[in-house]
Amino acid sequence: KGATRRRPPSRPPFFVGRTCRDMTLVERMVAAGMSQDCAAETAMWYMAQGDDEGLETYVIALEALKEMDTRRELHLVERK
C-alpha cells in the first residue's frame, strides 16, 4: 500500500509556544557536549512523552558527566 503517514502529535512540537527557559535545556545539553541536532531531538522525544521532569533529570545527569570529565582532565594535567 505504500508509505503510511505518521499521525501528528497531540501536542505541538517542542519549540512552538515554549519560553526561553525551555530552550535553555537544549542549550545546556549542547554545552555538555551534545550536538545541536541530537539535543533538539532528545528534548522533543521527552516532551512528546509528556515527561518534562525526565528531560530535566536527563540534562542534570548529562551536566554531571561533563563536570566529572572536566575534573578528571584537570586532575590528569595537574599530575604531569
Side-chain angles (χ1 to χ4, degrees):
K1 282 191 173 187
T4 59
R5 296 187 76 177
R6 284 182 29 172
R7 212 172 105 204
S10 58
R11 293 169 21 136
F14 175 70
F15 299 109
V16 176
R18 296 284 174 188
T19 64
C20 273
R21 188 177 141 271
D22 294 320
M23 292 294 291
T24 62
L25 292 173
V26 172
E27 293 168 355
R28 286 167 58 191
M29 286 188 275
V30 170
M34 190 178 276
S35 73
Q36 178 74 32
D37 289 342
C38 187
E41 190 173 314
T42 300
M44 284 189 270
W45 185 86
Y46 274 96
M47 297 303 246
Q49 308 304 313
D51 191 4
D52 296 355
E53 288 180 24
L55 176 57
E56 180 68 27
T57 301
Y58 180 84
V59 172
I60 290 169
L62 189 62
E63 290 170 330
L65 287 172
K66 175 69 172 182
E67 179 67 21
M68 286 174 31
D69 283 344
T70 301
R71 287 176 186 245
R72 184 183 56 189
E73 288 173 10
L74 288 174
H75 180 71
L76 292 174
V77 168
E78 289 173 356
R79 292 181 73 192
K80 287 185 178 181

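In what follows, residues are counted from 1 in the order of the sequence shown.
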What's the separation between atom [atom1] in [X] and atom [atom2] in [Y], rounded to the nearest 0.5 Å?
{"X": "Glu27", "Y": "Met34", "atom1": "CD", "atom2": "CE", "answer": "14.5 Å"}
{"X": "Glu56", "Y": "Asp51", "atom1": "CD", "atom2": "CG", "answer": "11.5 Å"}
{"X": "Thr42", "Y": "Leu62", "atom1": "OG1", "atom2": "CG", "answer": "8.5 Å"}

(request) Flag yes if Trp45 and Met47 sit in one hydrophobic cluster, no otherwise; membership is Ile, Leu, Val, Met, Phe, Trp, Tyr, and two members link when side-chain heavy atoms are under 4.5 Å apart. (result) yes

Indicate every side-chain donor-acceptor pair of residues 64-71 with a distance under 3.5 Å to a residue at least two apart or in another chain.
unit_1, atom_1, unit_2, atom_2, d
Glu67, OE2, Arg71, NE, 2.9
Glu67, OE2, Arg71, NH2, 3.4
Asp69, OD1, Arg72, NH2, 3.2
Thr70, OG1, Lys66, O, 2.9

(request) Test Tyr46 against every option in Leu55, Asp52, Thr57 by the side chain to side chain contact (heavy atoms under 4.5 Å, CB included) rule and name the one that passes. (result)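 Of the listed options, the one satisfying the test is Leu55.
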
